[in-house]
Amino acid sequence: LTSHPLWADIRKVTKEQMHYASLGVGEGAWQLFAEEGDMKMYRREEELNGLVIDPLKACHIVKGVTGREMCHYFFSPQYRKDWETTLEQMTVVEKISDDALIFHQVHKRIWPTAQRDALFWSHMTHITDPNDHDAHDIWAVVNNSTQLPKFPTKNGKCVRVTLTVCLYCQTLITPPKDGTAVSRDDITCKITYCSVVNPGGWVPASALRAVYKREYPKFLKRFTAYVLSQTKNEPILF
Ligand SMILES: O=S(=O)(CCO)c1ccc(-c2ccc(C3CCCC3)c([C@H]3C[C@H]3c3ccccn3)c2)cc1
């Protein structure tokens, strides 16, 4: 229902985050901190009240899948346990619409930090890329922290993180010369993954940056490999 109280916020943040993701790493002082093949991970070192909240921007190119397929597997709750290794618990708290859900997630305790949980709305959407002549849609998923009385921040068990995440996917197609149907060999997905996570409680900067350096490349590699394996023998979802 577009009359849901959160829709105005969902539309506004989604628009902002998709614009921010579309800028790539040209804007702002991004520091390359991890590189593996076509995956490049950048961060900006930022602290808020002594808490490390380094914004992260990862750019990756994956052959053989579409942006819609990437976003489908990132958004849909039924697959998350298969690729999110740091999850201990995941609940769909509310279904706002077919493409907007509210999740509560408890993440595994990562030494030396205390256990964390997150409460966020997640929205999957697509836009026709204004300056892309193939006129293939850009698909994106935006996850943004929210608050609900049923999930108080102070719950004695976990430290509540706040996060804003955007998975932004462009599909590039090179139609075969001989006019045969487009196959998975002819499609490439250009991914920009942006995330800002406020850990919610104090973690030593060096420890948190070490966790980021280990967890983010692992997460993006595992997630993209998962989507490739899930879609390999499936018809292409454009
Ligand atoms: O893209 S999503 O929406 C996918 C749905 O799950 C997403 C991604 C990342 C997080 C998350 C939550 C907590 C932490 C930290 C903060 C202090 C201690 C734990 C981190 C940091 C540690 C980094 C990290 C990166 C990737 C995966 C897990 N861990 C990340 C949550 C959601």
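Predicted, not measured: the structure shown is a model, and the values here were computed from it. Both counts, for ligands and for their atoms, begin at 1 and track the order of listing.
- Taking the centre of each ring, Trp83 and Phe74 come in below the 6.0 Å mark.
- Residue-ligand proximity, Leu163 to ligand 1, at heavy-atom distances under 4.0 Å covers atoms 31 (C), 32 (C).
- For the pair Tyr212 and ligand 1, the shortest N or O to N or O distance does not fall below 3.5 Å.
- Per-residue contacts place Arg116 under 4.0 angstrom from the following atoms of ligand 1 (heavy atoms of the residue considered): 17 (C), 18 (C).
- Side-chain contact between Phe238 and Ile236 is present, with at least one heavy-atom pair separated by less than 4.5 Å.
- Ligand 1 has at least one atom lying under 4.0 Å from a heavy atom of Phe74.
- By the 6.0 Å and 45° rule, Arg80 does not stack over the aromatic ring of Tyr73.
- Under the 4.0 Å distance rule, the nearest protein heavy atom to atom 15 (C) of ligand 1 falls outside the cut-off.
- The one candidate from Gln105, His104, Gln89 that meets the side chain to side chain donor-acceptor pair (under 3.5 Å) condition with Asp117 is His104.
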For this session: Let me see the working for Trp7 and His123 under ring-ring contact (aromatic ring centres under 6.0 Å, His included), right down to the final yes or no.
Result: CA-CA 10 Å; Trp7 260 119; His123 177 38; 5.2 Å; yes
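- For ligand 1, the atoms lying closer than 4.0 Å to a non-hydrogen atom of Gln105 are 5 (C), 6 (O).
- The protein non-hydrogen atom at the shortest distance from atom 3 (O) of ligand 1 is Asn143 ND2, 2.9 Å.
- Near Val211, with a cut-off below 4.0 Å to any heavy atom, the atoms of ligand 1 are 22 (C).
- Note that OG1 of Thr174 is 9.5 Å distant from CD1 of Ile187, once rounded to the nearest 0.5 Å.
- Asp137 and Arg68 are not joined by a salt bridge, as no carboxylate oxygen comes within less than 4.0 angstrom of a charged side-chain nitrogen.
- Looking from atom 19 (C) of ligand 1 to the surrounding protein, the closest heavy atom is Ile110 CD1, 4.2 Å.
- Close contacts between ligand 1 and Thr113 involve ligand atoms 18 (C) [criterion: under 4.0 Å to a heavy atom].
- At the shortest separation from atom 20 (C) of ligand 1 among protein heavy atoms lies Val197 CG1, 4.3 Å.
- In this structure, Phe33 has its ring center no closer than 6.0 Å to that of Tyr42.
- Considering only non-hydrogen atoms, atom 12 (C) of ligand 1 lies nearest to His107 out of Glu215, Glu84, His107.
- With atom 9 (C) of ligand 1 as the reference point, the heavy atom nearest to it among Phe103, Trp111, Tyr216 is part of Tyr216.
- Side-chain contact check for Glu84 and Thr86: at least one donor-acceptor pair (N or O, by modelled atom type) lies under 3.5 Å.
- Distances from atom 2 (S) of ligand 1 to the heavy atoms of Tyr193, Phe223, Phe120 show the closest one on Tyr193.
- Classified by interplanar angle (parallel below 30°, tilted 30° to 60°, perpendicular above 60°), the ring pair Tyr216/Phe219 is perpendicular.
- Annotation for ligand 1: atoms under 4.0 Å from non-hydrogen atoms of Leu208 are 17 (C).
- When each atom of ligand 1 is checked for a heavy atom of Thr86 under 4.0 Å away, the hits are 28 (C).
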